[in-house]
Number of protein chains: 2
Amino acid sequence: MVINFPAKKSRNLETVRVKILIAARRLFGKYGFHGTTTRMIAREVGIDVSTLYYHWGEKGNLYEAVVLDINDDLRKKLIDLEGIIHGLPLAQRMGIAIEAITDYLFEHPEITKVILSRCFVNIRHESSQNIRVPEYISNIAFSMGLSGDKKGVSVKHKMQVLTIMNSIYAFVSGEEFFRASLGIKRDEYIALVKETLNFILIPAFANSMAGEKANF
Amino acid sequence: MVINFPAKKSRNLETVRVKILIAARRLFGKYGFHGTTTRMIAREVGIDVSTLYYHWGEKGNLYEAVVLDINDDLRKKLIDLEGIIHGLPLAQRMGIAIEAITDYLFEHPEITKVILSRCFVNIRHESSQNIRVPEYISNIAFSMGLSGDKKGVSVKHKMQVLTIMNSIYAFVSGEEFFRASLGIKRDEYIALVKETLNFILIPAFANSMAGEKANF
DNA sequence: TCTTTCCCCCATCATTTGTTTGATTTTCTC
DNA sequence: GAGAAAATCAAACAAATGATGGGGGAAAGA
């Protein structure tokens with residue numbers, strides 16, 4: 001729980017620190033927190049393990065940094081997306097959003113892997129797990145038009161967004177596993193994921209305006 | 001990779017061996033493979049760690065046993081379920097199945113946790129990961145009436161079943177995380193999960209017979 | 001140029017972790 | 001109850017792992 005990392009240099013000489021962060025993201029995503037050793041990360045970057053500690057301190061520190069970094073990336077991506085789908089009808093908005101988010105996450109599968117392993121797998125010596133669904137869940141609900149109020153998104157709508165996001169996360173994180181099982185190639189798989197998500201997720205919201213209250 | 005475990009005693013004196021399996025299931029589910037140590041498991045059972053090795057050999061062996069055991073439980077449960085929903089119309093079948101599976105898994109969250117952590121998180125020294133989606137995915141597709149043929153279930157339908165199962169798994173495995181974020185109690189959460197799953201999953205299949213071909 | 005700061009590595013340490021060995025106790029069989 | 005078999009534990013080991021301290025070199029500031 002030490003909090004002493006060197007000040008940013010603001011040059012591109014920051015590279016080592018960032019390289020560590022990137023390698024850590026990939027490895028924590030692939031093997032989980034306990035499955036990743038500081039030496040593995042250091043080896044991937046090509047530095048000594050003590051250099052890693054110099055830059056980031058405790059392993060848990062680095063892990064937290066990875067999580068924050070990922071949430072940040074995702075938040076930015078979603079803001080971009082919001083600009084694109086703004087104003088479109090709900091079903092169309094959903095379709096575009098699913099397509100865009102899916103593409104993005106398939107390009108950066110470490111993101112979903114870290115998120116899921118953080119949500120589902122506990123860490124020993126349970127630290128101050130700042131457990132919380134990132135605020136962007138509410139933002140998504142708002143962007144999608146499920147909720148008219150950005151702050152006061154109802155639990156019900158948050159759950160709906162979670163369902164959508166979880167479905168995408170699962171297919172991205174489980175790509176290796178599912179593809180090996182189904183025996184298909186990457187692009188086939190990605191196309192199939194989109195197709196399936198559209199088939200399953202869209203209809204529920206398609207007639208949302210009319211059916212919302214009737215459905216519950 | 002040693003394969004010498006003692007023969008079954010067929011008495012209820014098998015308890016220690018089984019106790020280990022149960023504790024291992026819980027802990028592997030909670031902390032993942034690398035996050036769980038053999039000593040943690042032994043301590044939970046109240047035995048020495050060497051006794052654990054006497055009964056199960058390598059840690060990876062025990063883990064594989066847990067996975068097999070879980071798949072077996074799930075398979076049995078799904079066979080039960082099939083008897084109940086057989087012959088009902090599709091949407092109704094889906095509704096009952098979701099309700100039943102959700103209830104069952106919320107009672108045994110270690111099941112989903114182990115499955116997800118196995119699908120999504122790699123293990124170092126990647127052993128002979130007999131990667132495969134268990135055959136029950138096809139069985140579910142058949143029971144649901146998505147496919148008329150138990151053996152030759154299409155990839156598309158398998159994907160649909162995976163979507164459903166993944167959604168349930170995610171909400172069960174992520175209960176602690178999501179509930180803490182949403183600030184609701186367990187029974188509220190479970191009810192909300194069912195409600196949301198029904199809202200999102202059912203409509204896609206509701207008019208499936210008519211819309212199947214038109215949708216793609 | 002001299003000094004200070006920053007960055008990095010070598011060597012090392014204390015624990016933890018997977019696993020085994022050998023002795024001891026418990027249970028079963030006759 | 002004697003002897004065989006099975007189950008358990010205490011102790012130990014090697015390797016892996018999280019973490020640190022000191023030294024050396026490059027760069028920056030004086």
Side-chain angles (χ1 to χ4, degrees), chain A residues 1-24 27-28 30-66 121-127, chain B residues 1-24 27-28 30-66 121-127:
Chain A
M1 282 308 135
V2 192
I3 330 163
N4 59 332
F5 19 67
K8 289 185 187 177
K9 287 297 293 301
S10 79
R11 301 287 178 89
N12 75 347
L13 283 182
E14 174 149 46
T15 39
V16 173
R17 215 176 119 89
V18 169
K19 272 185 195 167
I20 296 173
L21 197 63
I22 293 170
L27 290 170
F28 280 134
K30 186 160 186 180
Y31 299 106
F33 180 77
H34 288 295
T36 305
T37 72
T38 50
R39 279 174 177 82
M40 283 165 66
I41 301 170
R43 199 181 315 132
E44 173 129 333
V45 180
I47 58 172
D48 189 87
V49 61
S50 56
T51 303
L52 184 150
Y53 279 91
Y54 169 76
H55 282 291
W56 290 103
E58 286 186 7
K59 182 186 178 183
N61 240 347
L62 177 55
Y63 183 68
E64 279 307 310
V66 166
V121 185
N122 287 54
I123 291 177
R124 301 194 307 252
H125 328 300
E126 22 204 330
S127 60
Chain B
M1 280 308 138
V2 192
I3 331 163
N4 59 333
F5 19 67
K8 290 187 187 176
K9 288 298 293 301
S10 80
R11 302 288 178 88
N12 75 346
L13 282 182
E14 174 151 42
T15 39
V16 171
R17 214 174 119 89
V18 170
K19 272 185 193 167
I20 295 173
L21 197 65
I22 293 170
L27 289 170
F28 280 135
K30 186 161 185 178
Y31 298 106
F33 180 77
H34 288 295
T36 305
T37 72
T38 49
R39 280 174 176 83
M40 284 165 65
I41 301 170
R43 199 180 316 132
E44 173 130 332
V45 180
I47 57 171
D48 188 87
V49 61
S50 56
T51 302
L52 183 149
Y53 279 89
Y54 170 76
H55 283 290
W56 290 103
E58 285 187 9
K59 182 186 177 184
N61 238 348
L62 177 54
Y63 183 68
E64 279 307 309
V66 166
V121 184
N122 287 54
I123 290 178
R124 302 197 305 253
H125 328 299
E126 23 204 332
S127 59

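A note on names: the letters A, B, ... follow the listed sequences, proteins ahead of strands, and every chain is numbered from 1.
- Closest of all the heavy-atom pairs between A/A42 and A/L52 is N-CD1, 4.0 Å.
- With rounding to whole Å, B/F28 atom CZ is found 12 Å from C/dG18 atom C1'.
- Listed nucleotides: D/dC9, C/dC7, C/dC9. Nearest to the side chain of A/I47: C/dC9.
- Phosphate contact (OP1/OP2 of C/dC8, side-chain N/O of A/S50, threshold under 4.0 Å): absent.
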Polar pairs (N or O, both sides) under 3.5 Å between protein and nucleotides 16-19 of chain D?
residue	atom	partner	partner atom	Å
D/dT17	OP1	B/R124	NH2	2.5
D/dG18	OP1	A/K59	NZ	2.6
D/dG18	OP2	A/T38	N	3.0
D/dG18	OP2	A/T38	OG1	3.2
D/dG18	N7	A/R39	NH1	2.8
D/dG18	O6	A/R39	NH2	3.0
D/dA19	OP2	A/Y53	OH	3.4
D/dA19	OP2	A/K59	N	3.1
D/dA19	N6	A/R39	NH2	3.3

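- A close approach under 4.0 Å does occur between a side-chain nitrogen or oxygen of A/Y54 and OP1 or OP2 of C/dC7.
- Residue B/R43 holds its CZ atom at 9.5 Å from CG of B/L27, rounded to the nearest 0.5 Å.
- With hydrogens and angles disregarded, a donor-acceptor distance shorter than 3.5 Å links the side chain of A/R124 to the backbone of B/G35.
- Across the protein-nucleic acid pair, B/H55 atom NE2 and C/dT19 atom P stand 17 Å apart, rounded to whole Å.
- Atom NE2 of A/H34 is separated from atom CG of A/N122 by 8.5 Å, given to the nearest 0.5 angstrom.
- Computed from coordinates, the B/L27 CG to C/dT17 C1' distance equals 15 Å when rounded to whole Å.
- Nearest heavy atoms, B/Y63 versus B/I123: CE2-CD1, 3.7 Å.
- You'll find the side chain of A/T38 stays beyond 4.5 Å of the side chain of A/W56, heavy atoms only.
- For B/D48 and C/dT26, the CG to C1' distance is 16 Å, given to the nearest whole Å.
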